[in-house]
Amino acid sequence: MNKNEIIQKLIKATIHRAIRESAACLLIIIAFAYYLQHLSVGSAKYYGCLLILIASGFIAGVIWAFTLSYKLLRTHPASDSAFWHEAFLAQARLLRLVPLWYLAPVCSGMLLFFAPTAPGQFASFVGDFIVVVLLFGGTTWLNRYAAAKIEEDAQAIAA
């Protein structure tokens, strides 16, 4: 693959990721906004729901802020290796930091949302906690794997 194809592949991937994540955020916002109406103010579920709603908006904003466009290719041709190398590395950093800006607020909200409110719900909470930990670990691993691939492409651009 030549530099132009690698760059176009990254641009297309960031646009598709932004659309997918925005759709997911919109569904989460609709579902949790509906659910929030039926929760008592001040409960752990209420604050967990609120945290998930705020995190979803924040995530969509971050995703779109880092989305590359084809317009960049017109202002920075593929021959501008330094610019594209940095753009690729910025995308890789974004993916490596997913545990901090993406997963931490969402998973915290999920844990508050799943928090036991009655004595008999602790076993259920442990199961939910395990699912959240697995989700956190799996998503972190997938994003680090994707970041490594992007860094390989960044080296190809720099060469």
Side-chain angles (χ1 to χ4, degrees), residues 6-72 83-155:
I6 293 171
I7 291 167
Q8 286 187 359
K9 183 180 88 171
L10 179 67
I11 291 171
K12 186 177 179 179
T14 64
I15 292 169
H16 285 204
R17 180 176 60 230
I19 292 169
R20 271 192 322 270
E21 293 293 336
S22 295
C25 286
L26 183 62
L27 288 174
I28 288 170
I29 288 170
I30 290 169
F32 280 90
Y34 173 78
Y35 199 77
L36 185 67
Q37 299 172 31
H38 307 290
L39 296 174
S40 59
V41 177
S43 68
K45 263 193 192 324
Y46 178 83
Y47 289 119
C49 196
L50 215 52
L51 186 56
I52 290 169
L53 286 169
I54 293 166
S56 296
F58 175 75
I59 288 166
V62 169
I63 291 288
W64 281 105
F66 283 88
T67 298
L68 301 175
S69 70
Y70 289 107
K71 200 183 306 181
L72 277 176
F83 173 82
W84 287 108
H85 184 259
E86 282 304 312
F88 274 58
L89 293 180
Q91 290 295 315
R93 274 191 302 275
L94 180 70
L95 294 176
R96 288 195 187 285
L97 292 174
V98 157
L100 181 64
W101 66 268
Y102 189 114
L103 293 172
V106 170
C107 290
S108 298
M110 289 171 68
L111 291 175
L112 280 172
F113 188 78
F114 294 139
T117 55
Q121 295 176 339
F122 185 73
S124 173
F125 176 73
V126 169
D128 293 336
F129 180 78
I130 290 169
V131 168
V132 170
V133 168
L134 291 173
L135 175 74
F136 191 96
T139 304
T140 298
W141 181 83
L142 284 173
N143 280 280
R144 288 186 184 269
Y145 178 78
K149 292 290 187 190
I150 290 173
E151 286 170 344
E152 286 176 15
D153 287 343
Q155 295 308 318

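All values reported here derive from a predicted model rather than from experimental measurement.
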- Query: With sequence neighbours left out, what residues match Tyr47 under side-chain hydrogen bond (donor to acceptor under 3.5 Å, both in side chains)?
  - Reply: none

- Message: So, taking the atom named CG in Leu142 and the one named CG in Leu95, what distance separates them when rounded to the nearest 0.5 Å?
- Response: 10.5 Å

- Message: Show me the pairs that pass side-chain hydrogen bond (donor to acceptor under 3.5 Å, both in side chains) and involve residues 111-135, at least two apart or across chains.
- Response: Thr117-Gln121

- Work out which heavy atom in Cys25 is nearest to a heavy atom in Ile59; give both atom names and the distance. SG-CG2, 4.0 Å

- Of all heavy-atom pairs linking Leu39 and Cys49, the shortest is CD1-CB, 3.9 Å

- Query: Rounded to the nearest 0.5 Å, how far does CD1 of Ile150 lie from NZ of Lys9?
  - Reply: 9.0 Å

- Item | CA sep, side-chain torsions, deciding dist, call: Leu94, Val62, side chain to side chain contact (heavy atoms under 4.5 Å, CB included) | CA-CA 9 Å; Leu94 180 70; Val62 169; 3.8 Å; yes

- Task: Begin from the C-alpha positions of Asp153 and Leu10 and carry the test side chain to side chain contact (heavy atoms under 4.5 Å, CB included) through to its verdict.
- Result: CA-CA 9 Å; Asp153 287 343; Leu10 179 67; over 6 Å; no

- Query: Would you say the side-chain atoms of Gln91 pair up with the backbone N or O of Ile11, donor to acceptor, closer than 3.5 Å?
  - Reply: no

- Message: Please list all pairs meeting ring-ring contact (aromatic ring centres under 6.0 Å, His included) that have one or both residues in residues 94-121, counting only residues at least two apart or in different chains.
- Response: Phe32-Phe113, Tyr35-Phe113

- Message: Looking at every non-hydrogen atom in both residues, tell me the closest pair between Leu68 and Ile15 and how far apart they are.
- Response: O-CG1, 3.5 Å

- Note on the structure: Residues Phe136 and Pro99: closest non-hydrogen pair is CZ-CB, 3.7 Å

- residues 49-65 vs side-chain hydrogen bond (donor to acceptor under 3.5 Å, both in side chains), sequence neighbours excluded, gives Ser22-Trp64

- Task: Please name the pair of heavy atoms, one in Leu36 and one in Leu53, separated by the smallest distance, quoted to 0.1 Å.
- Result: CD2-CD1, 3.8 Å

- Query: Under the side chain to side chain contact (heavy atoms under 4.5 Å, CB included) test, which residues partner Ala154, sequence neighbours left out?
  - Reply: His85, Phe88, Leu89

- Message: For a quick test of reading the model, state the closest non-hydrogen atom pair linking Thr67 to Ala18 and the distance between them.
- Response: OG1-CB, 3.3 Å

- Task: May I ask you to decide if the ring planes of Phe129 and Phe125 are parallel, tilted or perpendicular, using 30° and 60° as cut-offs?
- Result: tilted

- Note on the structure: Residue pairs passing the side-chain hydrogen bond (donor to acceptor under 3.5 Å, both in side chains) test with at least one member in residues 136-151, sequence neighbours excluded, are Arg96-Glu151

- Spacing of CG belonging to Leu51 relative to OH belonging to Tyr46, to within rounding of 0.5 Å: 12.5 Å

